[in-house]
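As a basis for the values below, the full set of heavy atoms in this structure was taken, side chains included, without hydrogen atoms, waters or symmetry mates.
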Amino acid sequence: MTNSVEFEHPYIRMRRNRQSDWVRRMVCENNLAASDLIWPLFVIEGQNKREAIASMPGVERLSTDLLVEQVAKARELGIPAIALFPNTPSELRDNEASEAINPENLVCRTVRAIKKQVPDIGIICDVALDPYTSHGHDGLLKGEQIANDETVEALIGQSLNQVEAGCDILAPSDMMDHRIGAIRQALEEEGHQNTLIMSYAAKYASAFYGPFRDAVGSSGTLKGDKRTYQMDPANSDEAMREVELDIAEGADMIMVKPGMPYLDIIQRIKEDFAMPTFAYQVSGEYAMMMAAVQNGWLDQEAVMMESLMAFKRAGCDGILTYFALDAAKALKKQNI
Ligand code: PBG
């Protein structure tokens, strides 16, 4: 034997703990459960309507009535919360994102429908203006610039509108400065002390959002990129500052996005802040895996479960994933 450590400890055999299923389960360090899963859903206008999304095989945009049926299934399988994203008709998109504050907009109507028919599931609404702007940016444009403080004012309006419709968790994904504090203050002032904020604290300017932009219909309209507000993928310390600020401003939970390419960021955040920490396994991650699955190159259930477990191992308390329903079904089958 050449390895001296092995030679000095001849009776240590790492494979003992792996010899059978029962002992592997006994020493297993992390578990995935349905309660770890949050399901993002895309909603469209109409009745009994479903539309496939070419770049997200297996994911559909649904009209509110069909979407509510899916939410009921999620609830049945023990998924604690869903996240809603509207595909706003193009004639309702403008430079001011005015549809964001319409109490009768698609998201608000859908939130009310879910609350009525599936009252005991959490509803997460995105806070960002991109579903409503004609230019596809998350903020308001002043000339060529995204105007931070004017955008924050609009986000407050969007937040209160969604909360008044029944949204439980606001998830600001816009990356404007000071928005968490401003939204928190407005919630307190308006008597919404119990509204939760899950901050997209470390959101990177990522190429992995492409299929999502197809799903919400902003990929054709987006002018330029989002690098003046979303983070540089090269940075890690900066993510710690973003998280620290969002916690100080009143966030209840923190999110990292995208997921799999940023597991190091998740691990640092969980270690440093010990906050409820979530990851968004984004559309591009889903698309990559599903493209390989469709070619017969990867096994869907196996890669889905492995990728989700990786988030738990990195320290996540939960994962936003387009696989949520499939994963919950797989877990039920495994009796977990
Ligand atoms: C927009 C938003 C994006 C996602 C969630 N909210 C896209 C973006 O920032 O351009 C991406 C989610 C995904 O890719 O699955 N505010």
Side-chain angles (χ1 to χ4, degrees), residues 38 40 81 83-85 97 100-101 107 111 122-133 137-140 146-165 167-206 209 226-232 235-259 262 265-266 268-270 272-280 282 316-318 320:
I38 296 168
L84 271 184
F85 295 97
I101 54 166
V107 161
V111 168
I123 304 179
I124 303 176
C125 288
D126 215 54
V127 179
L129 302 179
D130 56 316
Y132 306 109
T133 51
H137 278 290
D138 294 19
L140 299 174
I146 300 292
N148 193 89
D149 298 3
E150 288 82 347
T151 299
V152 170
E153 284 306 311
L155 297 173
I156 292 172
Q158 179 184 27
S159 297
L160 292 174
N161 189 34
Q162 296 182 139
V163 168
E164 277 149 23
C167 160
D168 301 294
I169 305 182
L170 291 168
S173 72
D174 54 284
M175 290 297 279
M176 294 302 117
D177 288 326
H178 310 143
R179 88 282 204 215
I180 300 297
I183 293 168
R184 176 57 77 205
Q185 186 182 344
L187 289 171
E188 289 283 329
E189 286 171 2
E190 298 297 320
H192 300 299
Q193 287 82 358
N194 285 333
T195 300
L196 294 150
I197 299 180
M198 176 189 282
S199 167
Y200 287 67
K203 176 171 177 181
Y204 288 84
S206 172
Y209 307 149
K226 300 191 176 183
R227 283 185 290 182
T228 69
Y229 44 106
Q230 299 179 352
M231 284 179 54
D232 182 344
N235 296 351
S236 173
D237 287 345
E238 189 187 352
M240 301 306 120
R241 295 188 66 204
E242 284 283 3
V243 170
E244 190 174 11
L245 282 167
D246 285 0
I247 294 170
E249 290 179 30
D252 303 290
M253 309 166 178
I254 295 303
M255 194 207 296
V256 176
K257 173 180 176 195
Y262 297 87
I265 307 298
I266 295 167
R268 267 189 88 178
I269 289 174
K270 189 63 184 179
D272 280 17
F273 299 102
M275 283 285 284
T277 304
F278 294 80
Y280 199 141
V282 299
C316 274
D317 297 287
L320 288 92

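For T228, the side-chain hydrogen bond (donor to acceptor under 3.5 Å, both in side chains) criterion is met by no residue, not counting sequence neighbours.
Put simply, the side chain of F278 reaches to within 4.5 Å of the side chain of I38, judged on heavy atoms. Under the 4.5 Å side-chain criterion, counting only non-hydrogen atoms from C-beta, F85 is not in contact with P131. Side chains of K226 and H137 form a contact here, defined as non-hydrogen atoms less than 4.5 Å apart. Side-chain contact between M198 and L320: present, with at least one pair of heavy atoms (C-beta onward) separated by less than 4.5 Å. Considering only heavy atoms from C-beta on, L155 stays 4.5 Å or farther from P172 through its side chain. The side-chain heavy atoms of M176 and I146, taken from C-beta on, include a pair separated by under 4.5 Å. D237 places a side-chain heavy atom less than 4.5 Å from the side chain of R268. Side-chain atoms of D138 and M175, non-hydrogen and from C-beta on, never get closer than 4.5 Å to each other.
Formation of a donor-acceptor pair under 3.5 Å by the Q158 side chain with backbone atoms of A128 is found in this model. Side-chain atoms of K257 never come within 3.5 Å of backbone atoms of A279 as a donor-acceptor pair (strictly under, hydrogens ignored). Side-chain N or O atoms of D177 include none that pairs as donor or acceptor with a backbone N or O of N148 at under 3.5 Å.
For the atom pair R184 CZ and I197 CD1, the distance stands at 4.0 Å (nearest 0.5 Å). In this structure, S199 OG and I169 CD1 are separated by 12.5 Å, a value rounded to the nearest 0.5 Å. To the nearest 0.5 Å, atom OG of residue S236 and atom CZ of residue R241 are 13.0 Å apart. Between atom CG of residue L84 and atom CD of residue Q162 there is a gap of 8.5 Å, rounded to the nearest 0.5 Å. The distance from the OG1 atom of T151 to the CG atom of D174 is 8.0 Å, given to the nearest 0.5 Å. Note that CG of L160 and CD of E189 are 9.5 Å apart. Values are rounded to the nearest 0.5 Å.
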May I have the step-by-step check of side chain to side chain contact (heavy atoms under 4.5 Å, CB included) for H192 and E164, ending in yes or no?
CA-CA 9 Å; H192 300 299; E164 277 149 23; 3.5 Å; yes

Using the side chain to side chain contact (heavy atoms under 4.5 Å, CB included) rule, take L245 and H178 through it: C-alpha gap first, then chi angles, then the decisive distance, then the call.
CA-CA 8 Å; L245 282 167; H178 310 143; over 6 Å; no

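Counting all heavy atoms, side chain and backbone alike, N161 lies closest to A100 at ND2-O, 3.0 Å. Residues M275 and K270 share a closest heavy-atom pair of O-NZ, 2.9 Å. The two atoms that bring T133 and G139 nearest to each other are CG2-O, 4.1 Å, heavy atoms only. When every heavy atom of A201 is checked against every heavy atom of V243, the shortest pair comes out as CB-CG2, 3.8 Å. Between I124 and A81, the shortest heavy-atom contact is CD1-CB, 4.2 Å. The two residues I156 and A186 come nearest to each other via the heavy atoms CG2-CB, 3.6 Å.
Other residues, nucleotides and ligands contribute only 12 or fewer heavy atoms inside 6.0 Å of the CD1 atom of I101. The environment of CG in D232 is crowded: more than 12 heavy-atom neighbours from other residues, nucleotides or ligands sit within 6.0 Å.
By the 30° and 60° cut-offs, the orientation of the rings of Y204 relative to Y262 is parallel.
The side chain to side chain contact (heavy atoms under 4.5 Å, CB included) with V163 is formed by just one residue from the set V111, L187, I183; it is L187.
Taking the centre and axis of the six-membered ring of Y280, the NZ or CZ atom of K203 falls outside the cone set by 45° and 6.0 Å.
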